[in-house]
Amino acid sequence: MSDMTDTGPMRAADGTPLKKSLARALRRQKLRALALIAPLLIFVLVTFVVPIGDMLFRSVENQIVSDTLPNTIQRLAGWNPDSGEIPDEAVFAALAVDFQAAAEEKNHTKLGTRLNYENPGMSSLFRKTGRGADDIGKNFQKTFTGFDKAWGKGEAWAALLGSDKWLAATEGWTKDAGPEPKFSARDEAEFALPLTTGVYRSFARVARADGKKAAADTKPWPVLFNALAEDISSASPEAIAAIGGPSADLLKSAAQGLSSAEPISYKDTFVAIDKGWADLGTWQTIQAYAGDYTPGYFLNAVDLEKGTDGIKKRPDQQRIYLMLFWRTIWMSMLITGCCLLLGYPVAWILANLRASTANVLMILVLLPFWTSLLVRTSAWKVLLQQQGVINDVLVWLGLVDDANRLVLINNQFGTIVAMTHILLPFMILPLYSVMKTIPPAYLRAAKSLGATNWTAFWRVYFPQSVPGIGAGAILCYILAIGYYITPELVGGTQGVFISNRIAFHISSSLNWGLAAALGAILLGAVLLLYYVYDKIVGIDNVKLG
Amino acid sequence: MSIAHPEIPRPSLMGFTLPLMAAAGLGFGYIVGTAHGAPVPGFLAGALLGAVLGYVLASFVPNRKAGRIGAAVVAAVAGFVLSGFPGAVVGAIIGLIMSWFAYWLSSGDYRAKVPVYATAGDVLWHNSFKFICGLIFFFLVAPIVVVLPLSFNAQDFFTFTPEMLSFDPAGYSLKHYEDFLTNPNWTRPLKNSFIIAPLATIISVSLGTLAAIGLSQSHVPGRRAIMAILISPMIVPLIISATGMFFFYSKLGNWLEATVGLSGDFIGFIKVILAHAVLGIPFVIITVTATLVGFDRSLTRAAANMGAGPVRTFFKVQMPLILPGVISGGLFAFITSFDEVVVVLFVGSAAQKTLPWQMFTGLREQISPTILAVATVLVIFSIALLTTVELLRRRSERLRGMSPS
């Protein structure tokens, strides 16, 4: 149809062209619909989608290594892990500074725990070194306070490293005046004394967060002396001379004094604390996990690990996840199969009975559907226990000897029976809604044309019920592979799923990255099935009750 | 229904009814015999008695009611002689079943539902199929029903005690219910559940209904994608939702505590309520959109035509019609929250312990029979909810003229 009339384009009542007016009405309608949806969509995005995204991010996030040992990681970049030698003195010097700074904030144990996931033994190494590394800084502290007592006070450090602006702002600050002004470094000091400035930045942050005393009034960490000595020995005299401010002279005399002091070997000190530092594997692990993002958790989740020679399988006794994934997959399939086997006849009989009878029987399907999951799980616990109802009946009937009661629970059998019962309504309901639309006349027609009962069912009825089977099976399968409560309560050790392992890592082992990686894999599988379900059934066609 | 189909010849008594009656009697005889420590005499006597009963009923007692009551009374008396009151109850049940079976077989009722031309094999298959379906229904309901009597157990056992089986009043007590209603370990979680679930339901129903109305408009850009996101809380495994929320909500909680200065307990409730609200949303969306599918759009146009504004139209015309869907969606959301344990386990703290959480710890650590009392209460609760939803569904169908009634 054309929108042109003799007098030009067709117009609406107000004189605008009809096309434009309709387009505007449509746009307004769309906007109104979106405005109605928007609050919920935002709510779901914020309270559900973002948290899951946040969790997924955790599965690759690995900033802890570079945050805790920044200088070490920087210097370790030049080290070749295949050289067969542990890193040189410069790396150990940076490690000494990083380690003591981390120990001041108790971060070294967190890093030890993190690296322990990749290389067992790292946790105790870090703990032990944390206790021993303090002495290095304390020795330097003695040296410096020997040059001048002023080094033992906070003011000297603040004056040396802080910018003039910060010094002016923090002058006379007391804890009643709100948070202390944020530390900013003196430019030339940052250039000449990078380690010291870095450590002092953490020091100032801790003092500020504590909020009781100004950074300038706080007793300096011993590690600062260590860092400063390190910086002075590697900086050029001109760069040091360029540093101005109230502590310039103090610094110059310290630099002079240090040039005559005897250098210490950091490497020997660390190896003396723990032999683990002389171990090539320790350094390889640190370097392998130095990046901000790591595939390590995902590799771990599929029983692999990253070594220096590429990706390889984990040792036999550490391989459990593939087995768990595999078990989750096949047990869910078995449960779905059982549901189909039991659900098909029931759905058939519901669809082919008189409506009044079917409604009554439907209640028997809906009752378990509406009953609390925990009630059903406890019911199965009551039934399946060794002293439970089923065993009692079997013993009473003389089918089972009292001494050899059947083990029906805390194994795979228990999980399969209980979950089949729990998921059965999710199979019956979609099957029923599809079967109700299949006219019974088709089956009768097939039989009157000479088909046997079986042929009529298999060639005529069954193909029409396939959409229902697809919908029910995918729904059951999606629900089964993510199940947690029931396997946890009736599955023992042999009947648990990957979800139980995820929960274990969240609440017991605290290996959150690994839990997130396992969750990401599971989520990927579920979303794939969800997509297939949407394609086959359409999400809008999900029916409840 | 009690008249046999005229075309069906009455089956042979000797060749069909009596052997089957004997077989059924054999089964019951075995059970009764085992109970008295003599299985072999038990099933021999059972088979004989079964056949005799079949013969007597089929040949001499054409009045079914009289026959069934008589058989039940005789069997009950025999049971009472053998093992007292419980025996009488079991005997009466066996008598009723056996007499029903006898009439069903001898009158030819067993073929009443199959076409006249069906072969013997067809009839056998038809009846076994019904029997199998009966077993599956039994599988669905029995575990829930078994819990009910066990919750009155006077002992702290999870199984039937001899006193319970002999219907001795001493074997029954209400002490688990008393524990449930007085022990703070149970009353606190109950209270928490009744705080969290309604609030979560209100959030999901109000936002969900609005969005469902938006989604049911004719031109919604990206409808499929939006729907997929809104339904996803139902599809994503709870453990993954719980993990994600665990990290994110603890950050949110810390932030709220630091900046707004709310108390930890209060924030805990907010976190759990938000988490449960989002889990309930898919159910609201699904039920309300299903109700809106049959909604007659000309009604809103008519209302607008008569001068009603959009808000008035919504509350006076649209809302009453979709109300059944909204309420059943709300009930789904309520039961989702009321029954949820994984997310609250991760997101909540001890102060937000809900009833399912307490049941979960109870089942995992100290198995206390109070759980069965709680379970019974919850089953009754869910029956009430189920009835409500079913009534609402019928009302909604009637309102929309989808059902002839």
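Note on naming: letters A, B, ... go to the chains in the order of the sequence lines (proteins, then strands), and numbering restarts at 1 for each one.
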From the list A:Val46, A:Leu40, A:Val44, side chain to side chain contact (heavy atoms under 4.5 Å, CB included) with B:Val278 holds only for A:Val44
In the structure I gave you, are the side-chain heavy atoms of B:Ile239 and A:Glu488 within less than 4.5 Å of one another anywhere?
no
Does any backbone or side-chain atom of A:Ile363 lie under 4.5 Å from a heavy atom of chain B? Answer side chain, backbone, both or neither.
both
So which part of B:Tyr249 gets closer than 4.5 Å to some heavy atom of chain A, the side chain, the backbone, both or neither?
side chain
Given heavy-atom pairs under 4.5 angstrom as the criterion, report whether the side chain, backbone, both or neither of B:Ser232 touches chain A.
both
Check for a donor-acceptor pair, side chain of B:Arg224 on one end and backbone N or O of A:Asp534 on the other, with a separation under 3.5 Å.
yes
Check the orientation of A:Tyr484 and B:Phe360. Use parallel for under 30°, tilted for 30 to 60°, and perpendicular for over 60°.
tilted
Chain A contact via B:Ile229 - side chain, backbone, both or neither, heavy atoms under 4.5 Å
both
Which bit of A:Leu367 comes within less than 4.5 Å of chain B, counting heavy atoms only: side chain, backbone, both or neither?
both
Does the side chain of B:Ile203 come within less than 4.5 Å of A:Phe43's, by heavy atoms?
yes
Tell me, do A:Leu364 and B:Leu140 make a side-chain contact under 4.5 Å, heavy atoms counted?
no
What residue, out of B:Val141, B:Val342, B:Ile235, B:Leu210, has the most heavy-atom pairs lying under 4.5 Å from chain A?
B:Ile235
Please check if atom OH in A:Tyr531 has more than 12 non-hydrogen atoms from other residues, nucleotides or ligands closer than 6.0 Å.
no
Under 4.5 Å from any heavy atom of chain A, what part of B:Leu150 do you find: side chain, backbone, both or neither?
side chain
When A:Ala503, A:Ala35, A:Gly53, A:Pro39 are compared by non-hydrogen pairs under 4.5 Å with chain B, the top option:
A:Ala503
Go through B:Val220, B:Ile132, B:Leu230 and name the one with the most non-hydrogen pairs under 4.5 angstrom from chain A.
B:Leu230
I'd like to know which of A:Gln387, A:Arg58, A:Arg376 tops the heavy-atom pair count under 4.5 Å against chain B.
A:Arg58
Turns out that what part of A:Ile422 lies under 4.5 Å from chain B's heavy atoms comes down to neither
Atom pair CE (A:Met362) and CD (B:Glu390), whose distance is rounded to the nearest 0.5 Å
8.0 Å
Once rounded to the nearest 0.5 Å, what's the spacing between atom CD1 of B:Ile335 and atom OG of A:Ser372?
7.5 Å
Is the shortest side-chain heavy-atom distance between B:Val389 and A:Leu366 below 4.5 Å?
no
So which residue, A:Leu26, A:Asn453, A:Val50, A:Leu361, ends up with the most heavy-atom pairs under 4.5 Å with chain B?
A:Leu361
Nearest heavy-atom contact between A:Gly519 and B:Ile240 is O-CD1, 3.3 Å
Side chain, backbone, both or neither: which part of A:Leu383 has an atom under 4.5 Å from a heavy atom of chain B?
side chain
Checking heavy atoms, do the side chain of A:Leu342, its backbone, both or neither come under 4.5 Å from chain B?
both
If you define the side chain from C-beta out and look only at heavy atoms, does anything of A:Ile37 sit under 4.5 Å from B:Ile213?
no
Check for a donor-acceptor pair, side chain of A:Tyr530 on one end and backbone N or O of B:Ala228 on the other, with a separation under 3.5 Å.
yes
Residue selection (most heavy-atom pairs with chain B, distance under 4.5 Å) from A:Leu373, A:Ile478, A:Leu45
A:Leu373
Kindly compute the distance separating CZ (A:Phe369) from CG (B:Leu386), expressed to the nearest 0.5 Å.
10.0 Å
Which value, rounded to the nearest 0.5 Å, describes the distance between B:Ile144 atom CD1 and A:Trp380 atom CH2?
10.0 Å
Evaluate the ring planes of B:Phe139 and A:His421, with Trp represented by its six-membered ring, and classify them as parallel (under 30°), tilted (30 to 60°) or perpendicular (over 60°).
perpendicular
Whether A:Lys30 side chain and B:Pro221 backbone form a donor-acceptor pair below 3.5 Å
no
To the nearest 0.5 Å, how far apart are OG1 in A:Thr47 and CG in B:Leu252?
10.0 Å
Enter the distance from B:Leu345:CG to A:Ile506:CD1 here, rounded to the nearest 0.5 Å.
12.0 Å
Choice from B:Ala142, B:Pro143, B:Pro237 maximising heavy atom contacts with chain A below 4.5 Å
B:Pro143
Select one option (side chain, backbone, both, neither) describing which atoms of B:Leu355 are under 4.5 Å from chain A's heavy atoms.
neither
Answer yes or no: is there a side-chain heavy-atom contact under 4.5 Å between B:Met245 and A:Ile52?
no
I need the residue from A:Gly388, A:Gly482, A:Pro345 with the largest number of non-hydrogen atom pairs under 4.5 Å to chain B.
A:Pro345
Cut-off 4.5 Å, heavy atoms of chain A, and the answer for B:Val147 is side chain
Within-4.5 Å side-chain heavy-atom neighbours: A:Leu489 and B:Arg364
yes
Would you mind checking which part of B:Ile281 comes under 4.5 Å of any heavy atom in chain A, side chain (CB onward), backbone (N, CA, C, O), both or neither?
side chain
For each of A:Leu56, A:Val375, A:Val365, tally heavy-atom pairs with chain B at distances under 4.5 Å, and name the one with the top tally.
A:Val375
Is the distance between the ring centroids of B:Phe381 and A:Trp370 under 6.0 Å?
no
Honestly, the part of B:Leu135 sitting under 4.5 Å from a heavy atom of chain A is neither
A side-chain contact here means heavy atoms from C-beta on lying under 4.5 Å apart; do B:Leu378 and A:Thr371 qualify?
no
Atom group of A:Leu353 that falls short of 4.5 Å from chain B, counting heavy atoms:
neither
Tell me, out of B:Val145, B:Val379, B:Leu215, who's got the most heavy-atom pairs with chain A below 4.5 Å.
B:Leu215
Residue part contacting chain B, namely of A:Val49, when any heavy atom lies under 4.5 Å:
side chain
Above 12 or not: heavy atoms from other molecules or residues under 6.0 Å from CZ of B:Phe129?
yes
